[in-house]
Amino acid sequence: MTRLAVIDFETTGISPGQGDRATEVAIVLLEQGRVVDRYQSLMNAGVRIPSFITQLTGITNAMLTDAPSAAQAMAEASRFVGDTPLVAHNAAFDRKFWQAELARIDLPATQPFVCTLLLSRRLYPQAPNHKLGSLVDYHRLPRTGQAHRALADAEMAAHLLGQIQHDLRQRWGVATPHSALLMDLQRCSKAAVDKLLAQHRSLAA
DNA sequence: TGCCAGGCCCTCTTTAGGGCCTT
């Protein structure tokens, strides 16, 4: 069974190494491309949210006052994901926070990450840019809530992943665009994309 | 004190620099 978990973090900044912390996490669980479950939680890491982050996300310090602790939310998120491969838009960012927040509570973060940003750069070089919102508009996918909130962004990334898998089947003839192929595709050079997809097309034929 | 992300990718490149993308 093809099972993937699309994840998105809201945070106080861009670098956990510089003290930035997660403020919200959302995960959309997909089986065979269909949403089968969701997890979403604000989390209180005991740090102040910079005002420009509140302007960006709408998440305020007051909203975190009664939120679960970061330890509680991350433990729940870890249980929810299990060993399911994760998917994120600009996965390098979400992977940093996934690893940093789980390390704080001594939990492993060994799940592989699929990146819809890298995949989109390879498959849709003609897109005006590769921001999540722009790609949603480019593919005429549904907006699923307030942008820059974790669940809305995770849902949009899930729709984008669905579009990528659809296009791999319809435009590139790949019968089963499973996570291993997606990871090969995001790692290979741009010049090697066509060759890789041709190999998978011939395997499927 | 002053500084402060980092991986990917393009190009007027490779002995480098800068834009993109995430919050």
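In this text, all values refer to a predicted model and were calculated from it rather than measured experimentally. Convention: sequence-line order gives letters A, B, ...; per-chain numbering from 1. Computed over heavy atoms, backbone and side chain alike; hydrogens, waters and symmetry mates excluded.
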- prompt: Which part of the nucleic acid, if any, lies within contact of A:Asn129, taking any heavy atom under 4.0 Å across all strands shown: a base, the sugar-phosphate backbone alone, or nothing?
  reply: sugar-phosphate
- request: Rounded to whole angstrom, note down the P distance from B:dT13 over to B:dG19.
  value: 16 Å
task: Figure out the CZ/C1' separation between A:Arg95 and B:dA5, and round it to whole Å.
output: 13 Å
query: Does OP1 or OP2 of B:dC20 have a side-chain N or O of A:His130 closer than 4.0 Å?
result: no
A:Lys190 side chain near B:dC8 phosphate (N/O to OP1/OP2, under 4.0 Å): no
Spacing between A:Tyr124 atom OH and B:dC21 atom P, to the nearest angstrom: 16 Å
- request: Return the value, rounded to whole Å, for the distance between atom CG of A:Asp94 and atom C1' of B:dG7.
  value: 14 Å
- request: Using the C1' atom as the reference point in each nucleotide, state the distance between B:dT1 and B:dG7 in Å, no decimals.
  value: 30 Å
query: A:Leu117 side chain: which of B:dC21, B:dC9, B:dA5 is closest?
result: B:dC21
task: Name the nucleic acid region contacted by A:Gly17, choosing base, sugar-phosphate or nothing; use a 4.0 angstrom heavy-atom cut-off, strictly under.
output: nothing
- prompt: Which is true for A:Ile14 with a 4.0 Å heavy-atom rule: it touches a base, it touches only sugar-phosphate, or it touches nothing?
  reply: base
task: Answer whether the closest heavy-atom distance between the side chains of A:Glu10 and A:Phe97 falls below 4.5 Å.
output: no
- prompt: Closer to the 5' end of DNA chain B via nearest nucleotide, is it A:Ser15 or A:Thr23?
  reply: A:Ser15
Closest to side chain of A:Arg121, choosing from B:dT22, B:dT23, B:dG7: B:dG7
query: Do any side-chain nitrogens or oxygens of A:His148 fall under 4.0 Å of OP1 or OP2 in B:dT23?
result: yes
Check: A:Glu101 and A:Val25 side chains under 4.5 Å, non-hydrogen atoms: no
message: Can you tell whether the side chains of A:Asp137 and A:Arg143 come within less than 4.0 Å, N to carboxylate O?
response: yes
- request: May I ask you to say what A:Thr57 touches in the nucleic acid, namely base, sugar-phosphate or nothing, with a heavy-atom cut-off under 4.0 Å?
  value: sugar-phosphate
- request: Grab the CG-C1' distance between A:Leu160 and B:dC21 for me, whole Å please.
  value: 13 Å
Rounded distance (Å) that lies between atom C1' of B:dC9 and atom CG of A:Asn90: 13 Å
Worked check of side-chain hydrogen bond (donor to acceptor under 3.5 Å, both in side chains) between A:Thr12 and A:Arg21: CA-CA 6 Å; A:Thr12 61; A:Arg21 299 293 306 273; over 6 Å; no
Separation of B:dC8 P from A:Lys131 NZ (nearest whole Å): 21 Å
- request: Answer with base, sugar-phosphate or nothing: what part of the nucleic acid does A:Phe9 contact at a heavy-atom distance below 4.0 Å?
  value: sugar-phosphate
message: Considering every strand and a 4.0 Å limit on heavy-atom distances, what is the contact class for A:Gln18: base, sugar-phosphate, or nothing?
response: base
message: Taking B:dC12 as the reference, what is the distance to B:dC8 when you measure between their P atoms (whole Å, please)?
response: 23 Å
query: Just how far, in rounded Å, is C1' of B:dT22 from CD1 of A:Ile59?
result: 14 Å
- request: Name the nucleic acid region contacted by A:Asp8, choosing base, sugar-phosphate or nothing; use a 4.0 angstrom heavy-atom cut-off, strictly under.
  value: sugar-phosphate
- prompt: Going only through I, L, V, M, F, W and Y residues with side-chain contacts under 4.5 Å, is there a path from A:Leu123 to A:Leu182?
  reply: yes
field: Criterion side-chain hydrogen bond (donor to acceptor under 3.5 Å, both in side chains) on A:Asp167 and A:Tyr124, from CA distance to verdict
entry: CA-CA 10 Å; A:Asp167 287 342; A:Tyr124 313 117; 2.7 Å; yes
C1' spacing across the pair B:dC9 / B:dT14, given as an integer number of angstrom: 14 Å
- request: Quickly work out the A:Gln146 CD to B:dT23 C1' distance and round it to whole Å.
  value: 14 Å
